[in-house]
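Structure first, commentary second.
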Amino acid sequence: MCGIFSVTGSHKKAGNKVLSGLKKLEYRGYDSWGIAVQTAKGVVVQKDTGKISEVHLDLPEGSKAIGHTRWATHGGVTKANSHPHRVGKVTLVHNGIFENYAEEKARLVDHNFQSDTDTEVIAVLLSQAIEEGLDIKSAIRFVTQKIQGRFSILVMIDDQPGIWAARKGSPLIVGRGENETFIASDIPAFLEQTNKVNYLDDDELVFVDQGTANFFDLNTGKAITKREITVSWKVEESKKGNYAHFMIKEIFDQKETIAKAINHDNQAIADFVKALKSSNGVYMVACGTANKACMVAEYFFAQISGRKVNVVSASEMPYFEQFVNDRTALVAVSQSGETADVLEILERGKKSGAKILAMTNVESSSIARLADVHLPIQAGPEKAVASTKATTAQIALLLLCAYADSSTVNDFEKCLNRGRNILRSTAGNINDLLNPRYESYVKAVAEKIVQHDNLFIIGRGALYPIALEAAIKIQEVSYIHAQGFPAGEIKHGPIALIEAGTPCLVLGNDTEIIANATELKSRGAMIIGIADKDHELFDEWLKAPNCEEGQAIATLIPVQILSYHLAILRGLNPDMPRNLAKSVTVK
Ligand code: F6R
């Protein structure tokens with residue numbers, strides 16, 4: 001949440017470069033934006049509410065600039081609350097939460113605050129520390145010690161060279177260009193200029209000026225050395241190409257991502273499974289859609305390898321932490337690898353001696369670096385807020401892990417290959433769905449239900465979590481009230497919500513679920529079946545080819561396309577749903 005970006009170079013275009021880089025971080029927050037440029041005549045700040053993608057400005061010349069695209073946490077969406085914040089000689093942008101800001105603010109009675117943000121409190125504290133005589137590095141170290149919570153900051157000081165940045169919990173990456181240096185919350189901001197990076201870790205500080213970067217330990221102030229890494233992301237992967245939105249592009253990317261999942265490294269899966277086998281209790285922790293992928297895996301492990309795993313929303317895991325010890329395997333699944341609720345559980349679990357296993361799509365994310373064993377999801381950059389290709393790639397990888405987990409001493413490869421064969425046929429089958437003809441068929445169904453305000457989804461077994469995931473997808477991009485249920489549960493309450501014409505998605509066509517669909521239909525529901533074959537009970541049918549355990553993946557494809565078209569038909573931008581952000585780095 002919130003994207004921050006800075007440029008310092010030997011040229012004079014830092015402001016415009018920050019503007020174009022921030023547009024690539026817009027998925028992290030799109031309430032408001034702001035940029036500060038150090039010009040020959042002083043610092044010039046431009047900021048406003050609204051989306052950074054809609055900003056077309058020629059910023060004044062200057063060799064350094066910092067910027068921010070906001071997802072509001074403290075204070076409403078107003079121009080005054082947007083970053084950067086300027087106090088005295090300090091210009092600052094911030095990603096994260098200063099949890100104890102109210103206590104610090106209460107002590108700053110002499111300051112006339114211009115905003116309701118926690119960020120302005122950091123700027124005031126920093127300005128005071130510098131005025132009281134601390135050098136910039138010491139001032140940043142002094143002030144960041146006071147901050148409780150996860151954050152990253154970028155700081156420019158009037159009349160002083162370079163830009164400073166500090167990290168405690170929220171991502172920051174330094175991009176090393178030719179005579180220019182970038183610092184960003186995520187790589188796409190500067191990927192057109194460089195793919196050479198240094199990852200800042202927690203409790204680290206960096207000073208960058210033109211082409212140089214000097215790193216320090218935030219606690220001791222001592223200089224540290226950071227490894228330079230060349231990232232393999234391609235610029236084109238982060239672009240929409242000919243698609244109208246990232247969401248539909250990423251849905252179609254699944255042609256390749258599922259096929260690619262077959263190539264996951266044997267050794268990494270073996271390490272993962274070895275840790276599961278040597279544990280005495282497995283907890284899978286994740287949020288939102290990633291949590292639904294874990295719920296699908298709960299069925300995989302139960303049915304394929306006979307293992308009971310406990311799937312808990314990361315935000316609820318604190319109530320079960322007494323069961324985490326040095327025999328526990330904590331499995332985190334996360335697209336971004338930065339989700340604050342997940343990170344906190346892992347950090348505490350690590351202290352209790354638990355083995356940390358992680359699957360993340362962003363390979364160098366905080367969660368990936370914390371893990372004892374990391375399996376990269378390998379879906380490529382996912383920019384739309386609604387997760388699609390990362391979700392199916394997570395499910396594919398978890399399926400392979402469940403098959404690998406079913407192995408005994410000598411048949412690891414054989415078991416893993418069973419999983420691979422299922423994914424091979426799933427990849428072939430979904431390829432038949434990802435074409436314009438099928439898309440227009442799904443769109444026609446969307447047109448029939450778009451005017452409804454309520455929609456229900458039922459599934460059984462591994463398709464029950466897919467019903468929950470379908471609800472998330474539909475809610476977040478179309479704002480239709482959608483709810484998923486285990487099919488057998490509807491008659492224990494939810495059926496009271498059914499009225500004549502209420503659309504219900506029925507995932508599957510086996511005898512049990514058809515019995516539940518019949519109960520809905522007799523109360524007037526409009527039944528949209530998502531299954532390999534049509535059924536006389538279905539008012540509409542969306543084909544999801546039979547893929548054995550790959551059915552969870554195959555069923556998600558029509559659900560994702562349907563959600564996308566419901567959003568489009570309602571005149572909404574599915575890439576930027578209201579109130580949401582791609583990477584949830586606050587609790
Ligand atoms: C919904 C969605 C979210 C994320 C959740 C966790 O489409 O994408 O529910 O799944 O915020 O994010 P990650 O996977 O980055 O930990």
Side-chain angles (χ1 to χ4, degrees), residues 1-3 27-29 71 150 169-171 185-186 245-248 250-251 254 284-297 311-317 330-346 356-371 374-395 397-398 465-466 468-480 482 484 556 559-564 566-567 572-587:
M1 351 214 73
C2 297
Y27 67 90
R28 300 181 64 86
W71 187 86
R150 300 179 168 277
S170 301
S185 314
D186 200 358
H245 297 97
F246 278 109
M247 183 175 175
I248 192 72
E250 288 160 6
I251 290 172
Q254 291 170 116
M284 297 187 80
V285 285
C287 296
T289 287
N291 167 263
K292 306 304 167 285
C294 294
M295 288 177 71
V296 173
V311 178
V312 186
S313 295
S315 57
E316 290 298 312
M317 189 60 198
L330 271 180
V331 182
V333 178
S334 171
Q335 189 288 129
S336 64
E338 300 294 344
T339 301
D341 283 316
V342 181
L343 251 175
E344 283 213 359
I345 295 300
L346 300 186
I356 309 297
L357 313 182
M359 295 183 181
T360 72
N361 196 35
V362 179
E363 294 189 18
S364 47
S365 58
S366 305
I367 291 176
R369 280 177 295 138
L370 191 95
H374 176 241
L375 285 180
I377 292 166
Q378 292 177 359
E382 192 181 65
K383 300 286 279 290
V385 165
S387 181
T388 53
K389 63 174 179 173
T391 316
T392 49
Q394 284 160 2
I395 295 173
L397 182 52
L398 287 161
I466 296 299
L468 300 182
E469 166 54 10
I472 296 187
K473 244 11 20 117
I474 294 168
Q475 288 159 7
E476 69 180 328
V477 298
S478 75
Y479 312 155
I480 292 174
L556 259 184
V559 162
Q560 294 168 345
I561 302 174
L562 184 72
S563 310
Y564 173 78
L566 286 171
L572 302 168
N573 178 353
D575 283 350
M576 284 181 231
R578 67 184 175 206
N579 308 335
L580 290 170
K582 182 73 181 158
S583 179
V584 186
T585 51
V586 296
K587 286 208 301 162

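In each ligand, atom 1 is the first atom listed, and ligand 1 is the first ligand listed.
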Could you walk me through whether Leu468 and Asn291 pass side chain to side chain contact (heavy atoms under 4.5 Å, CB included), step by step? CA-CA 10 Å; Leu468 300 182; Asn291 167 263; over 6 Å; no

Name the closest protein heavy atom to atom 14 (O) of ligand 1, giving the residue it belongs to and the distance to 0.1 Å. Gln335 N, 2.7 Å

Any atoms of ligand 1 less than 4.0 Å from a non-hydrogen atom of Ala386? List them with their elements. 7 (O)

Considering only protein heavy atoms, which is closest to atom 12 (O) of ligand 1, and at what distance to one decimal place? Thr339 OG1, 3.5 Å

Roughly how far, to the nearest 0.5 Å, is OG1 of Thr391 from CD of Glu250? 10.0 Å

Shortest protein contact, atom 7 (O) of ligand 1 (heavy atom only): Glu476 OE2, 2.5 Å

For Ser387 and Lys473, which heavy atoms make the closest approach, and how far apart are they? O-NZ, 2.8 Å

Distance from Lys292 atom NZ to Ile395 atom CD1, nearest 0.5 Å? 11.5 Å

In the protein, what heavy atom is nearest to atom 11 (O) of ligand 1, and what distance, to one decimal place, separates them? Val584 CG2, 3.9 Å

Below 4.0 angstrom from a heavy atom of Ala290, which ligand 1 atoms are there? Numbered from 1 as shown, please. 10 (O), 14 (O)

For atom 15 (O) of ligand 1, grab the closest protein heavy atom and report residue, atom and distance to one decimal in Å. Ser336 OG, 2.6 Å

Top protein contact for atom 5 (C) of ligand 1, by heavy-atom distance: Cys287 O, 3.6 Å

Going from CE on Met359 to SG on Cys294, what distance comes out if it is rounded to the nearest 0.5 angstrom? 8.0 Å

Heavy-atom distance under 4.5 Å between the side chains of Ser563 and Met247, does that happen here? yes

Just how far is it from atom CD1 of Ile377 to atom CD of Gln335, taken to the nearest 0.5 Å? 7.0 Å

Ignoring hydrogens, just give me the one of Asn291, Thr289, Val385 whose non-hydrogen atom is nearest atom 10 (O) of ligand 1. Thr289

Give the atom numbers and elements of ligand 1 that come within less than 4.0 Å of a heavy atom of Lys473. 1 (C), 7 (O)

